[in-house]
Protein chains: 2
Amino acid sequence: MQNIEDLNTFIRIVEAGSISAAAEQLNTVKSAVSQRLSRLESRLGVQLIQRTTRTQSLTDAGHQYYHSAIEIVEKMAAAEAGVKNQNQALAGRIKLAVPQSFGLMHMSQPLRFFNQQHPEVVLNVDFNDRQVDLLHEGFDLAVRVSQLVDSNLVAKKIAQTHMILCASEKYLQRHGRPKTPNDLRQGHYKLKYAQAKNNWEFKDQQGKTHLINLPTAMIANNGEFMCDAAIDGQGLVLLPDFICSAAIHRGQLVRLLPDYICQNPLNIYAIYPPNKHLPRRVRLLIEFLANYFAGYEFL
Amino acid sequence: MQNIEDLNTFIRIVEAGSISAAAEQLNTVKSAVSQRLSRLESRLGVQLIQRTTRTQSLTDAGHQYYHSAIEIVEKMAAAEAGVKNQNQALAGRIKLAVPQSFGLMHMSQPLRFFNQQHPEVVLNVDFNDRQVDLLHEGFDLAVRVSQLVDSNLVAKKIAQTHMILCASEKYLQRHGRPKTPNDLRQGHYKLKYAQAKNNWEFKDQQGKTHLINLPTAMIANNGEFMCDAAIDGQGLVLLPDFICSAAIHRGQLVRLLPDYICQNPLNIYAIYPPNKHLPRRVRLLIEFLANYFAGYEFL
DNA sequence: ACACATTGTTCAGTAAATAAGAACAATGTT
DNA sequence: AACATTGTTCTTATTTACTGAACAATGTGT
């Protein structure tokens, strides 16, 4: 089968009227053009152009092939442009998965912003806490809150959160107001996030770590529910700032041990398949989110 | 612009369902197929196939490109087959030029034979004594009677003729019956072919050359006319056997000095442009003529 | 008819592209 | 959890294509 470049060269030779002229138009030397034509003729087993050093004329076969060649080269270019545009045009769908709590509380606004800025992009947002399978379910992007990250997926960190220990005034009045991690060891109860470890880690300003294991008052796998339970006075809770900040701001919860770093910080990632050629709109959205959350304060 | 082989590989990958299977179908190794796909995607700047080591699925772009690719590859194959067939099929026109006298007298029969054997070939025969310009006038083939041959054209010898000295009985009765070249020097006249040299050369059986220069009774540039003039007794004439043999056979002319070789033999050539890819029908005709005239006796 | 510039081809050397094969990590299955 | 199979990557080898110069062919203009 032929090389497209040879076809293109043949067309140029015909239209330019000579091999030398074609070479110039193709930004190469005449010997290369001559070789391409010879090669094409050899592979076809047909003389395409009857030529002397001064004149050239298409043979019957050449005439016929010329028209086919034009069609092929045009189709090729069209096919290429088709998919290239598809990638570079913003227009298109982005299917993304976001965690339910974080998504509803903090991604609603940026996603609406993005949609206003790029109305030709259709966002298809799936709020879902299960670990969706990006590749098999056709997701372009997922937002994940976690410390660890799947292998074989690319993760770009877009925000960092902190874990905050808090309780309601009602709880504190009943169980006391701890000032150090050690104060927790007596008469306190925790609300446990289902997948979290049993131990709480607190790091003081000297960098020393304090491991605390409290009796559990309740277990759940939903941050907002736990936040509500804490507001209700059910126990101490260690929550990411993006969940509890608003309640603290409203005075429903009180932040405890503010001078200690609680647990390891959680990162928020944009996760996507390791495509060499990510559609532009997806790249753009990732960038937009990273910018949006840079210096963002959760309240 | 893309390499067609990459397109074809992409199609095979899609249809075979995996890179390994495609490699097998394409008689190559999977690494090569993987590279071709990567290359294609890179040049397009788009992911075509979303793949893990176990599953593969076309992206939107891939789906679109797949259909274009099939069209292109098919068009390519069709264009190729089109011109290849045109060359290998016998059907088609052969435009050939033949000298008038020789053509009418000795090529009429073989050409009719050829046409019967290959009725799908259309012969376009131009009887013409001028030197046609093969390349510019679109001739596939010319038959030439000459000692020398143009450069830059390919010549295949298809027959050899001999020059025969002859005269009519009427002439001989009036001027005597020469037995040796020397006998010619007294009381003889020649009919001269326009483009021929003035001297006649005769080689005897010992290889000795005799140069004879006779007074000219008449000059013409047509062999048949000269033959008729000789029959009429106008003079001695040196004619190629293909012109005078019939008259000798009929007793209208007498061959003189049969033991001497007259002049250099003339060759008959099939002449054609130096195409690397001569259409099959033309090659066939050349071969046919060479066979036909091998061992042919002009009478 | 003749020198002349220009053209297309060829050749040898070089650069680039591609293929091959081994090693490796990913993945789904038994 | 072991396993076979898959796709990718890397290095090496091979093939292919380009380059630039030399050359012969050809038409032009004098």
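We use all heavy atoms of the structure for the numbers below, so side chains are in, but hydrogens, waters and symmetry mates are not. The sequence lines fix the lettering, A, B, ..., with proteins before strands; numbering per chain opens at 1.
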(message) Among residues 10-26 of chain B, which ones have heavy-atom contacts with DNA chain D below 4.0 Å?
(response) B/S18, B/I19, B/S20
(message) For a quick test of reading the model: is some side-chain N or O of A/S34 closer than 4.0 Å to OP1 or OP2 of C/dT9?
(response) yes
(message) So, using ring pair (Phe, Tyr, Trp, His ring centres under 6.0 Å) as the criterion, who are the partners of B/F293 when residues are at least two apart?
(response) B/F102, B/Y296
(request) Mind calculating the distance between CG (A/L37) and P (D/dC18) to the nearest angstrom? (result) 13 Å
(request) Give the rounded distance in Å between these two atoms: CG of A/N3 and C1' of C/dA16. (result) 14 Å
(request) Do nucleotides 19-25 of chain C as a string where each nucleotide becomes B, S or -: B if the base has a protein heavy atom under 4.0 Å, S if just the sugar-phosphate does, - if no protein is that close. (result) BBBB---
(message) Show every ring pair (Phe, Tyr, Trp, His ring centres under 6.0 Å) that has at least one partner inside residues 13-64 of chain A, sequence neighbours left out.
(response) A/H63-A/H67
(message) Using modelled atom types and a 3.5 Å cut-off, is there a donor and acceptor pairing between side-chain atoms of B/T9 and backbone atoms of B/R36?
(response) no
(request) For the pair B/F10 and B/Y65, name the ring-plane relationship: parallel under 30°, tilted 30 to 60°, perpendicular over 60°. (result) tilted
(message) I'd like to know whether CD of A/E24 has more than 12 heavy-atom contacts from other residues, nucleotides or ligands below 6.0 angstrom.
(response) no
(request) Taking ring pair (Phe, Tyr, Trp, His ring centres under 6.0 Å) as the test, write out the residues that go with A/F114, two or more places apart. (result) A/H118, A/F288
(message) I'd like to check the salt bridge (charged side-chain N to carboxylate O under 4.0 Å, His left out) partners of B/R39; sequence neighbours left out, ordered by chain and number.
(response) B/D6
(message) Under a 3.5 Å distance rule, please check whether B/K95 uses its side chain to pair with a backbone N or O of B/E137 as donor and acceptor.
(response) yes
(message) Measuring to OP1 and OP2 of D/dT26, would you say a side-chain N or O of A/R51 lies under 4.0 angstrom away?
(response) no
(request) Quickly work out the B/Q50 CD to D/dT8 P distance and round it to whole Å. (result) 11 Å
